[in-house]
Amino acid sequence: MLTTLTTDMVLAVAEGEEPSGVDLLLPATSELIAGIIAFAIVFFVVWKFAGPAINLTLEKRQAAIKGQIEAAETEKAEAAALLDDYKTQLAGARGDAARIIDEAKQAGENVRNDIIAKANAEAEGIIGKARTEADTEKARALQDARSDMANLSLDLAEKVVRNSIDRDAQRSLVEAYLADLDRMSN
Amino acid sequence: MDVILAASECDPVAEIICVPANVNELFELPFIGGVNRTMLLMGLAALIAVALLWFGLRRRPLVPTKFEAAIEGIVLYIRDEVALGIIGPKDGIRFFPYLLALFMFILIGNLFEIAPAINFPITSRIGLPAFLALLTWVIFVFMGFKRQGAAYVGHILWPPGVPTGLKPLVGIIEFVSTFLVRPFSLAVRLFANLVAGHVMLTLLLVSGYVFVSSVGDIGAKALVGVGWFALGLGIYVFELLVAVLQAYIFTLLSAVYIQTSVHPEH
């Protein structure tokens with residue numbers, strides 16, 4: 001097989017249709033030029049278009065990602081600030097609530113004390129007044145009773161010893177008795 | 001079609017493998033008005049590379065589609081990993097357009113090997129790899145002189161950090177390696193890989209076709225053609241790997257060569 005191939009090649013070269021000598025090693029000029037032009041086109045497009053395009057794409061993507069990260073960070077900071085704000089407000093509200101409750105308690109306590117004090121004062125007033133009235137009533141009753149007692153005693157004595165006893169003498173006797181009674185009650 | 005016709009004319013009973021009258025028929029295709037198929041395909045490769053970049057990058061989207069993400073992935077890989085990663089952040093960006101153009105053009109050119117209805121890698125013609133390798137050579141030699149002046153060649157011929165007795169020997173090896181072997185190996189690596197792939201695929205698929213189509217003459221032996229055809233399809237997957245890998249290696253080595261001229265200390 002190899003023989004056939006070699007023979008064919010040698011024959012073909014000998015026929016003179018094919019390049020011979022150093023031409024066998026050199027590339028065909030037309031193809032070389034076509035290759036140079038084709039590569040130049042590719043290089044030109046890469047140089048003028050592909051290189052800048054990929055850079056712009058990456059820059060655009062970078063900017064977008066950077067922007068998104070920055071936006072996310074801003075939002076995060078805002079959220080954190082908001083959270084702090086809410087926490088402060090909540091703490092303030094709790095303090096307020098505690099203060100209001102304390103105040104209310106204090107106020108309640110004050111009202112209660114006031115009421116109690118007022119009630120005590122009123123009660124004392126009432127008791128004092130009642131005592132005074134009772135004393136007055138008692139004194140008057142005693143006075144009345146003494147007077148009535150004297151009259152009744154006289155009337156009684158008069159009925160018992162009608163006309164037999166000197167009225168004035170009797171009366172002084174009764175009064176002496178009542179004076180004794182007074183002394184005893186006091 | 002010429003290739004297949006040429007092979008069909010041979011007698012599959014007498015010859016195990018049908019060879020075309022001239023092996024160059026596999027690579028040299030007819031001219032149409034001064035433009036042969038290789039030249040046409042070079043234009044097409046440039047067009048496809050440009051179109052991919054254009055449609056992949058023109059929208060500059062915040063959220064890319066799958067296609068845009070794929071193109072961006074390639075572009076950014078060449079930019080960040082190859083240009084900036086190897087040459088360095090400051091100088092890398094200057095060479096990024098060259099490296100990306102190199103990768104896209106070679107990749108499409110290589111993929112033509114397995115592209116249906118094309119089946120011919122333009123990088124299997126020595127002209128293109130030689131031109132691109134020469135371009136890389138010019139760039140890295142120019143950058144070497146621009147950055148280091150005469151010390152560029154001086155450091156290669158009289159390498160620092162090498163025992164003095166060995167310096168002449170290492171210097172000559174380095175000189176040959178840098179100025180002669182580098183462009184040559186760069187071009188031949190790409191060229192030879194794609195030539196080998198193309199020959200292999202052509203042999204397997206054409207033989208498969210010839211054997212199967214000759215079933216009337218050779219009977220059960222035609223089944224051999226099915227095997228070759230299947231093997232050819234297997235090689236297709238392998239060649240896909242080769243196409244991508246060789247484009248990547250060419251770009252990567254170009255970046256490495258430029259880096260050695262720009263930053264001699266490494």
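Every chain is numbered from 1 and lettered A, B, ... according to where its sequence line falls, protein lines coming before strand lines. Note that the structure is predicted; figures quoted are calculated from it, not measured.
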- Message: Between B/Arg60 and A/Asn55, is there a side-chain donor-acceptor contact under 3.5 Å, judged purely by atom types and distance?
- Response: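 Side chains of A/Asn55 and B/Arg60: no pair found under 3.5 Å.
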Does any backbone or side-chain atom of [X] lie under 4.5 Å from a heavy atom of chain A? Answer side chain, backbone, both or neither.
{"X": "B/Ala130", "value": "neither"}
{"X": "B/Leu76", "value": "side chain"}
{"X": "B/Arg58", "value": "both"}
{"X": "B/Ile71", "value": "neither"}
{"X": "B/Ile106", "value": "neither"}

- Task: Answer with side chain, backbone, both or neither: which region of A/Leu32 has an atom nearer than 4.5 Å to a non-hydrogen atom of chain B?
- Result: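 For A/Leu32, the contact with chain B is made by the side chain alone.
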- A/Phe43 portion near chain B, given a 4.5 angstrom heavy-atom threshold: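 Backbone plus side chain of A/Phe43, per the 4.5 Å heavy-atom cut-off to chain B.
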- Task: Heavy atoms only, distances under 4.5 angstrom: which of A/Ile37, A/Ile54, A/Thr29, A/Ile33 has the most pairs with chain B? Name it, please.
- Result: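 Ranked by contacts with chain B, first place is A/Ile54.
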- Task: Could you please spell out the steps behind the side-chain contact (heavy atoms from CB on, under 4.5 Å) verdict for A/Val46 and B/Tyr98?
- Result: CA-CA 8 Å; A/Val46 171; B/Tyr98 173 64; over 6 Å; no
- Item | Interface residues of residues 58-75 of chain A facing chain B - heavy atom cut-off under 4.5 Å |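 Listed by number, the contacting residues are A/Leu58, A/Lys60, A/Arg61, A/Ala64.
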Ignoring hydrogens, what is the shortest heavy-atom contact between [X] and [Y]? Give both atom names and the distance.
{"X": "B/Gly43", "Y": "A/Ala38", "value": "N-CB, 4.4 Å"}
{"X": "B/Pro61", "Y": "A/Thr57", "value": "O-CG2, 3.8 Å"}
{"X": "A/Val42", "Y": "B/Ala49", "value": "CG2-CB, 4.1 Å"}
{"X": "B/Pro97", "Y": "A/Trp47", "value": "CB-CA, 3.9 Å"}
{"X": "B/Met39", "Y": "A/Ala34", "value": "CG-CB, 3.6 Å"}

- Item | Atom CZ of A/Arg99: over 12 foreign heavy atoms under 6.0 Å |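 More than 12 heavy atoms, drawn from other residues, nucleotides or ligands, come within 6.0 Å of this atom.
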- Please indicate whether A/Tyr177 has more than 12 foreign heavy atoms, meaning atoms of other residues, nucleotides or ligands, lying under 6.0 Å from its OH.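 12 or below, so no.
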- Message: Just so I understand: if I count every heavy-atom pair under 4.5 Å between each of B/Val50, B/Leu128, B/Leu100 and chain A, which residue has the most?
- Response: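 So the answer, after comparing B/Val50, B/Leu128, B/Leu100, is B/Val50.
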- Can you label the angle between the B/Trp54 ring and the A/Phe49 ring as parallel, tilted or perpendicular, going by 30° and 60°?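 Aromatic pair B/Trp54/A/Phe49 classed tilted.
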